[in-house]
Amino acid sequence: MEGGYFHVPASAVLDEGREPYVIVIPPPNVTAALHMGHGLNDTVQDVLIRWRRMQGRAALWVPGTDHAGIATQNVVERRLAAEGITRDQLGREEFLRRMWEFVTATGGTILDQLKAIGCSCDWERTRFTLDDDLQRAVREVFVSLYEKGRIYRGEYIINWCPRCLTALSNEEAEGEEAAGTLWHLRYPIAVVGAGTDLQRIAAADGSRVGRLADGTYYVVVSTTRPETMLGDTGVAVHPKDPRYELLIGARVKLPLTDRDIPIVADAAVDPEFGSGFVKVTPAHDPNDFEIASRTGLALLDVMTPDAHMNDAVPPEFRGLDRFEARKRVIAALKEQGLFEGEQTHTHAVPHCYRCHTVVEPRLSLQWFVSMKPLAEPALRASRDGTITFTPKHWQRVYEHWMENIRDWCISRQLWWGHRIPVWYCACGEVIVPREDPKSCPKCGGTQLEQDPDVLDTWFSSQLWPFSVFGWPRDTDDMKAFYPGHTMVTAPEILFFWVARMIMMGYEFQGAAPFTEVYLHGTVRDMKGRKMSKSLGNGIDPLEVVRAYGADAMRYTIVSQCAVGTDIALDHENVEAAFSNGRNFANKIWNAGRFALMSLGDAPVRPLEDVADTLVLEDKWILSRLQHATATATENLTRFRLHEYAEGTYHFFWGDVCDWYLELVKSRLAAGADPVSREAARSTLVVVLDQAMRLLHPIIPFVTAELWSTLPVPSGETRADDLIVARWPETNPRWVSTDAERRMAGFQELIAEVRRLRKEYGIPEGGRIAIHVWGGADGFPALVRDQVAALEQLARVNRVETGAGQGIGAHAVLTSGVELFVPLEGVIDVGHERGRLREEIAKLEGLHAGTTKKLANESFVARAPVEVVQKERDRLTQFEEQASKLREKLASLEGVGA
RNA sequence: GGUCGCUUAGCUCAGCGGUAGAGCACCACGCUCACAUCGUGGGGGUCGCAGGUUCAAAUCCUGCAGCGACCACCA
């Protein structure tokens, strides 16, 4: 089967010297089920891989799955929760056993689903991010980065998911606009420097120092998270703020607590914003943490890992959920007259990208990668064009991110994933080894404890372009297939994944993992919403495959795949959504079957042998074929996939089916002239052969089936299967602008005859004569030779090349050629005249009525403007229709001709 | 707040300096021996609004309006 062609051994490159073309799949989550997003992503990759394979490249598409840390662990934890079990109850070892059990049982089905949509991955190379080989790569990278000082451990404010109970990277905390509240609180001033005149400060211009009923002065601070005030350890003002300069060093009483906290100066405070006083909560806000580290303010953590208030807060708040605590804090402050007011405030609230819980900034000891040095070569590669982005504007987005890159928190408090390869010895030694240690190299002790955390899923994903080839071992695969070529993915994971792969590629291989990044759009429904399980607006690709075939699904998707645009599919009418692709696949099948039948079993001569006997349509379709070939290649090269799809579609359906097949029908028939027939057969075989090749990357199944039964011209050889047949190249020998011009004229003539037939009600089955004359280049004479074609396409059985006259229909073509269709005896002219007169009279009646209506002043004055306008439009419509009919009538009276 | 993008036929969207396009939907006719998942013909758009550049603009520039995306530590 064709699957045999999917496998590409390193020897194809290293021994046979074939040029590689490598795509590594964006590995779907191991337990994922195929959705339309995959359908799009993987179809695009398959189109590219099939195309490059046909070009003779050693085209390798490496498949695999990702262990997807949090996502997968969450799934299993939910299942356990249904049984009333938590992971802590099971313990790490047992929990991991259950994880593997689940992943082994349900994992990898997505790969079978990819096969169903025709993905030609090298399945023998299927990888999983937790495979031994890949574990080795992760270990090597971690240790190596640590040794270079690019991985460090430290206590910082990180994004914390209180539900998943783990740290998140900045990218994993997704901001969402939310209409929140900005609360203004009063902190009473407790201690001021000697001689500080509070009354004067309070009276200063723009001062937000006020006075309570009991005479105590207070400062106003603002916050969107009032519960964090319990963890405040200071209040900050700008060092140059003229209003408050004198308060620096003073102390305020932190409401609801028994603590006094200092007022400090820090340049990060914007005097223009709010009151100019900033409450500082160093353990729960990254800015405040920075302020504290500069000013020496204490750190006070007031929350538990699951975001409840801890024992550091007053008893009445202990154990409260953070949002409940928020309400109580506000209520308590109001009670004490320390509530200044509130206002609505829209701001971006970060949410966990896996479970959507509001992220809590939390002071925590974590592992980080210092990114700046890694970013440098990755940034350069983009700027100097080593790596290109399609669409281009993502280059700027990428560079902006790289320029402002922040350190990456890579430790996760999960169990499912790559365990952090760090051991701690009781003696204090931190061991980061390539092989699991048995004893402490410093003290020799054997009481070693491995770091309990695992690495961010993306830490292993970022190594995918080389970890799949066995690195850090020195493998032939690495030599043959790294670096790769094209990365096809969605913009959502540009930072998560693409950017990091590039950085790792430079850091560990000295080369970018690919040279082209193609970012396709998102699959959406007709309301523009992203397809998702929770919205219930998804379409199951496999259902589409079952109902209409993989070819139909692939074509429909790719034909919408314009650079930089999303894909809209109607989940409420799946048939309509995919009818385009279904119809096309069906059309190819029918046309192919018909052609094969018409060609018969007799040997077909090579095109060269019959070159002298080719007629207009043969030369024309061969020329069209050259254009179709050139544009298909060009479009694929530039990732203009929808143009590739639509271009081949119109070539095949329009040129090949509607015109060429119709034109050669009679020539292929049993009694036809043998010379003409052989010319048609040879041409048809070439056209079909190449058309199947051009269509194959997008419509692999139908084309391969037809191609396998297509006759091979005598003396020629070809590949055994279409999947490895050579991608066509343009042959200038068959480009004929002359044939295309003449054919265009002929096509226009046919269209005009058909139109006139409809217009004058000439019965569909009846034969007619036409007169053709005028023009400059002997076109009428050419037409005379095409009687068979005219018969076939327009039911014309006689052509006169002189001017026609009498009663009939007349038209002038763009070339200046004139056409006349005699109507006497063809239709009942008298009856037609009568009918026309009736119609004209009717139109005149309507016209008069409308005119009268518009003359009615009260109507014009009172009716809505658009109604009046509609009446006016009708008037002109009637006029136009009537004048058309009058012209027609005139021609029937023998005046026009 | 910053950056970028979008606004074209009833719907979904291409086109991005030279006489308005596709698919679907719609109307009419047609069981012509590949295909009714079809064929033939047809209707339908002042290309968001207002200016400007140009011989020529849907296409370039400016402003405005509406929508959207991404980034961002203004409490």
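Proteins come first, then strands; the chains are lettered A, B, ... in the order of their sequence lines, and each starts at number 1. All values derive from a computational prediction rather than experimental measurement. Scope of the values below: all heavy atoms of this structure, side chains included, with no hydrogens, waters or symmetry mates.
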field: Listed partners of A:Thr709 passing side chain to side chain contact (heavy atoms under 4.5 Å, CB included), at least two apart
entry: A:Leu596

task: Compute the centroid of each ring, for A:Tyr398 and then for A:Trp394, and state whether the two points are separated by less than 6.0 Å.
output: no

query: Distance check: side-chain N/O of A:Arg754 vs OP1/OP2 of B:G41, anything under 4.0 Å?
result: yes

- request: Using whole Å, report how far CD1 of A:Ile291 lies from P of B:C74.
  value: 13 Å

message: What's A:Arg529 touching, base or sugar-phosphate or nothing? Going by heavy atoms closer than 4.0 Å.
response: nothing

- prompt: When we call it a touch if two heavy atoms are under 4.0 Å apart, what does A:Arg640 touch: a base, just sugar-phosphate, or nothing?
  reply: sugar-phosphate

field: With A:Glu174 via salt bridge (charged side-chain N to carboxylate O under 4.0 Å, His left out) - residues at least two apart
entry: none

message: With rounding to the closest Å, how many angstrom separate the C1' atoms on B:A72 and B:G66?
response: 24 Å

query: Counting side-chain heavy atoms from C-beta on, which of B:G15, B:G39, B:C13 comes nearest to A:Ala568?
result: B:C13

task: From the options A:Asp285, A:Asp288, A:Asp232, select the one residue that forms a salt bridge (Lys or Arg N to Asp or Glu O under 4.0 Å) with A:Lys279.
output: A:Asp232

task: Would you kindly give the NZ-to-P distance between A:Lys392 and B:C4, to the nearest whole Å?
output: 14 Å

- request: Could you measure between the two C1' atoms, the one in B:G44 and the one in B:C49, and give it in whole Å?
  value: 23 Å

message: On RNA chain B, does the nearest nucleotide to A:Met526 precede the nearest nucleotide to A:Ala751 from the 5' side, or the other way round? Give the residue.
response: A:Met526

- request: Using a 4.0 Å heavy-atom cut-off across all strands, classify A:His345 as base, sugar-phosphate, or nothing.
  value: sugar-phosphate

task: Could you measure between the two P atoms, the one in B:A20 and the one in B:G5, and give it in whole Å?
output: 27 Å

query: Does the side chain of A:Arg757 get closer than 4.0 angstrom to OP1 or OP2 of B:U40 through an N or O atom?
result: no

Under-3.5 Å N/O pairs linking protein and nucleotides 23-32 of chain B:
from, atom 1, to, atom 2, distance (Å)
B:G23, O3', A:Asn580, ND2, 3.4
B:C29, O2', A:Glu764, OE2, 3.1
B:C29, O2, A:Lys758, NZ, 3.3

Most 5' of A:Arg755 and A:Glu643 on RNA chain B, judged by nearest nucleotide: A:Glu643

task: Take atom CZ of A:Phe389 and atom C1' of B:G5, then tell me their distance rounded to the nearest Å.
output: 18 Å

query: With a non-hydrogen cut-off below 4.0 angstrom, is A:Phe578 in contact with a base, only sugar-phosphate, or nothing?
result: nothing

- request: With P as the reference atom in both, quote the distance from B:C73 to B:C16 in angstrom, rounded to an integer.
  value: 38 Å

- prompt: In a check of side chain to side chain contact (heavy atoms under 4.5 Å, CB included) between A:His571 and each of A:Arg524, A:Met526, A:Met36, A:Arg529, which one passes?
  reply: A:Arg529

Nearest-Å distance for atom pair CD/P, residues A:Glu174 and B:C71: 8 Å

message: If you only use heavy atoms from C-beta on, which nucleotide in B:A34, B:G15, B:A72 is closest to the side chain of A:Ala348?
response: B:A72

- prompt: Heavy-atom contacts under 4.0 Å between residues 268-280 of chain A and RNA chain B, which residues?
  reply: A:Val269, A:Asp270, A:Phe273, A:Val278

message: For A:Trp183, does the six-membered ring have the charged nitrogen or CZ of A:Arg326 within the cation-pi criterion, i.e. under 6.0 angstrom from the centroid and within 45° of the normal?
response: no

query: Using atom P of each nucleotide, how far apart are B:C4 and B:G42 to the nearest Å?
result: 45 Å

message: Using atom P in both nucleotides, what's the gap between B:U54 and B:A65 to the nearest angstrom?
response: 28 Å

- request: Starting from P on B:A75, measure out to CD on A:Glu342 and report it in whole angstrom.
  value: 16 Å

message: Checking A:Glu155 now: which residues fulfil salt bridge (charged side-chain N to carboxylate O under 4.0 Å, His left out) with it, not counting sequence neighbours?
response: none

query: Quick one: salt bridge (charged side-chain N to carboxylate O under 4.0 Å, His left out) pairs with a partner in residues 651-666 of chain A, sequence neighbours left out?
result: A:Arg624-A:Asp655, A:Glu662-A:Lys665

query: Taking atom C1' in both B:G18 and B:A36, what distance in whole Å separates the two?
result: 41 Å

message: Donor-acceptor pair, distance only, cut-off 3.5 Å: does the side chain of A:Thr556 make one with the backbone of A:Gly581?
response: yes

query: How long is the line joining NE2 of A:His393 and P of B:C16, in whole Å?
result: 17 Å

- request: Describe, in one word, how the ring planes of A:Phe368 and A:Tyr156 are oriented to each other, choosing from parallel (under 30°), tilted (30 to 60°) and perpendicular (over 60°).
  value: perpendicular

- request: Select one nucleotide: of B:U37, B:C73, B:A34, the one nearest the side-chain heavy atoms of A:Lys587.
  value: B:A34

message: Quick check for you: to the nearest 0.5 Å, what is the distance between A:Arg638 atom CZ and A:Thr390 atom OG1?
response: 10.0 Å

task: Go through residues 657-667 of chain A and report each residue with a non-hydrogen atom lying under 4.0 Å from RNA chain B, sorted by number.
output: A:Cys657, A:Asp658, A:Glu662, A:Lys665

- prompt: OP1, OP2 of B:A72 versus side-chain N and O of A:Arg406: anything below 4.0 Å?
  reply: yes

statement: By ring pair (Phe, Tyr, Trp, His ring centres under 6.0 Å), A:His345 pairs with (sequence neighbours left out) A:His347

Protein-nucleotide distance (A:Gln560, atom CD; B:C11, atom C1'), rounded to Å: 12 Å

message: Less than 4.5 Å apart, side chain to side chain, heavy atoms only: is that true for A:Ile405 and A:Lys372?
response: yes

A:Arg524 vs B:U12: side-chain N/O to OP1/OP2 distance below 4.0 Å: no

task: With sequence neighbours excluded, tell me which residues meet side chain to side chain contact (heavy atoms under 4.5 Å, CB included) with A:Lys240.
output: A:His238

Inter- and intrachain pairs under salt bridge (charged side-chain N to carboxylate O under 4.0 Å, His left out), touching residues 394-406 of chain A, at least two apart: A:Arg383-A:Glu403

task: Could you give the distance separating B:U19 and B:G23 at their C1' atoms, to the nearest angstrom?
output: 24 Å

field: Partners meeting side chain to side chain contact (heavy atoms under 4.5 Å, CB included) with A:Thr631 (sequence neighbours left out)
entry: A:Asn635

- prompt: Quick one: stems for RNA chain B, with Watson-Crick or G-U pairs under 3.5 Å, at least three in a row?
  reply: B:1-7 with B:65-71, B:10-13 with B:21-24, B:26-30 with B:38-42, B:48-52 with B:60-64

query: Looking only at heavy atoms, which two atoms of A:Ala173 and A:Pro350 are closest? And how far apart?
result: CB-CB, 4.1 Å

- prompt: What's the CG-C1' distance between A:Asp566 and B:A69, to the nearest Å?
  reply: 9 Å

